[in-house]
Amino acid sequence: EIQKVILGALGEGHFNADPALAAQLSYEINDGEYTFAVSYMDLELDYQPIADDFILPGHTTIKPLLFSFAYNGEKFGLIAEYLYRWNRGINFGSGLDFEVVTESWYVQPSYRILPQLQVYARYGTLSLNIDDREGYNYLNVGLPNHVSFAHDYMLGLRWDFLPGWMVRAEFHHVNGTAWLMHADNPEFSDYHEDWEIFALQLSYQF
């Protein structure tokens with residue numbers, strides 16, 4: 001839920017979204033062999049507290065700016081995205097307001113071994129606050145610094161074994177825990193700065 005993302009485990013109220021402004025500009029070369037895109041959104045959210053809620057009816061502004069690139073060759077492919085996001089929250093109460101810039105990006109090359117078999121890799125990184133990339137502000141309040149960043153190293157394999165059917169397997173090694181939903185995992189003492197994910201997906205397109 002959006003309130004867990006913005007306020008963590010604090011607050012039992014909900015956010016109401018104002019009409020959002022969104023725009024995208026894209027350009028393709030050679031029928032999609034190369035694709036360039038820029039996307040922007042201006043999202044305004046108003047917090048509505050419940051009775052006895054110690055959080056005040058604050059206002060949040062989220063403004064993501066996304067740059068995207070894709071290359072689709074016969075054998076080789078490449079996808080890359082860079083996200084710069086302004087985040088501001090005001091009038092929530094003492095110590096709860098914030099104004100930070102979040103940055104994330106990833107690069108994913110791929111290679112088609114066979115017409116139905118593709119191997120790919122990805123490196124992605126996230127900094128919740130570009131002015132505190134190492135999370136020293138979190139240490140000052142008794143939290144592990146690695147909740148402020150994440151670095152993801154991934155290796156994957158995709159197999160289109162029948163028309164419309166696809167199976168995908170991925171292995172991730174992650175340094176940092178910024179991608180975890182901390183409101184759903186409140187015991188920070190259980191966190192490990194380095195952790196792994198193995199994901200397996202089966203899908204059918206129709």
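All values derive from a computational prediction rather than experimental measurement. FYI, side chains are in, hydrogens and waters are out, and symmetry mates aren't considered; it's all heavy atoms of this structure.
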Please round to the nearest 0.5 Å and tell me the distance separating atom [atom1] of [X] and atom [atom2] of [Y].
{"X": "I130", "Y": "T102", "atom1": "CD1", "atom2": "OG1", "answer": "8.5 Å"}
{"X": "N72", "Y": "S110", "atom1": "CG", "atom2": "OG", "answer": "8.0 Å"}
{"X": "Y120", "Y": "E170", "atom1": "OH", "atom2": "CD", "answer": "3.5 Å"}
{"X": "S68", "Y": "Y82", "atom1": "OG", "atom2": "OH", "answer": "13.0 Å"}
{"X": "Y84", "Y": "S104", "atom1": "OH", "atom2": "OG", "answer": "12.0 Å"}
{"X": "D97", "Y": "H59", "atom1": "CG", "atom2": "NE2", "answer": "12.0 Å"}

Sub-3.5 Å donor-acceptor pair from the side chain of [X] to the main-chain atoms of [Y], do we have one?
{"X": "N87", "Y": "R85", "answer": "yes"}
{"X": "W105", "Y": "L126", "answer": "no"}
{"X": "T177", "Y": "H146", "answer": "yes"}

Minimum side-chain heavy-atom gap [X]-[Y] below 4.5 Å:
{"X": "L157", "Y": "L117", "answer": "yes"}
{"X": "R112", "Y": "E74", "answer": "no"}
{"X": "T125", "Y": "F149", "answer": "no"}

Donor-acceptor list for residues 27-38 side chains, cut-off 3.5 Å, not counting sequence neighbours:
| residue | atom | partner | partner atom | Å |
| --- | --- | --- | --- | --- |
| N30 | ND2 | E33 | OE1 | 3.0 |

Checking side-chain contact (heavy atoms from CB on, under 4.5 Å) for the pair F76/Y71: CA distance, chi angles, key distance, verdict? CA-CA 8 Å; F76 179 75; Y71 168 71; 3.8 Å; yes
Got more than 12 heavy atoms from elsewhere within 6.0 Å of CZ, R133?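 Buried by this count: over 12 neighbours within 6.0 Å.
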For E134 and S148, which heavy atoms make the closest approach, and how far apart are they?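 Result for this residue pair: C-OG, 3.9 Å.
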Residue pair P64 / L83: nearest heavy atoms and the distance that separates them: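 Result for this residue pair: CB-CD1, 3.7 Å.
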Can you hop from [X] to [Y] via hydrophobic side chains spaced under 4.5 Å?
{"X": "Y111", "Y": "M166", "answer": "no"}
{"X": "F171", "Y": "V174", "answer": "no"}
{"X": "I62", "Y": "I90", "answer": "no"}
{"X": "V101", "Y": "Y136", "answer": "no"}
{"X": "Y191", "Y": "L128", "answer": "yes"}

Set out, in order, the CA-CA distance, both residues' side-chain angles and the distance that settles side-chain contact (heavy atoms from CB on, under 4.5 Å) for W195 and H172, then state yes or no. CA-CA 8 Å; W195 49 291; H172 298 251; over 6 Å; no
Over 60° means perpendicular and under 30° means parallel, so tell me whether F98 and F92 are parallel, tilted or perpendicular.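 Parallel, since the angle between the ring planes stays under 30°.
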Below 30° counts as parallel, above 60° as perpendicular, anything between as tilted: where do the rings of Y123 and H151 land?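 If you compare the ring of Y123 with that of H151, the planes turn out parallel.
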Could you tell me which residues satisfy salt bridge (Lys or Arg N to Asp or Glu O under 4.0 Å) with D160, sequence neighbours excluded, listed by chain and number?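 So D160 forms a salt bridge (Lys or Arg N to Asp or Glu O under 4.0 Å) with R158.
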For V107 and L78: C-alpha separation, side-chain torsions, deciding distance, then whether side-chain contact (heavy atoms from CB on, under 4.5 Å) applies. CA-CA 7 Å; V107 177; L78 179 66; 3.8 Å; yes
Members besides I79 in its Ile/Leu/Val/Met/Phe/Trp/Tyr cluster (side-chain heavy atoms under 4.5 Å):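 Reading the cluster by chain and number, I79 sits alongside Y106.
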Those residues that, when tested against N91, pass side chain to side chain donor-acceptor pair (under 3.5 Å) (two or more places apart):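 Listed in chain order: nothing, the list is empty.
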My understanding is that only residues two or more places apart in sequence, or in another chain, count here; which of them pass ring pair (Phe, Tyr, Trp, His ring centres under 6.0 Å) with H173?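 Residues passing ring pair (Phe, Tyr, Trp, His ring centres under 6.0 Å) with H173: none at all.
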Less than 3.5 Å apart, which donor and acceptor atoms pair up between the side chains of residues 197-206 and the rest of the protein, not counting sequence neighbours?
| residue | atom | partner | partner atom | Å |
| --- | --- | --- | --- | --- |
| Q201 | OE1 | R168 | NE | 3.3 |

Take K63 and L65 through the side-chain contact (heavy atoms from CB on, under 4.5 Å) test and state the conclusion after the steps. CA-CA 7 Å; K63 299 180 179 180; L65 177 64; over 6 Å; no
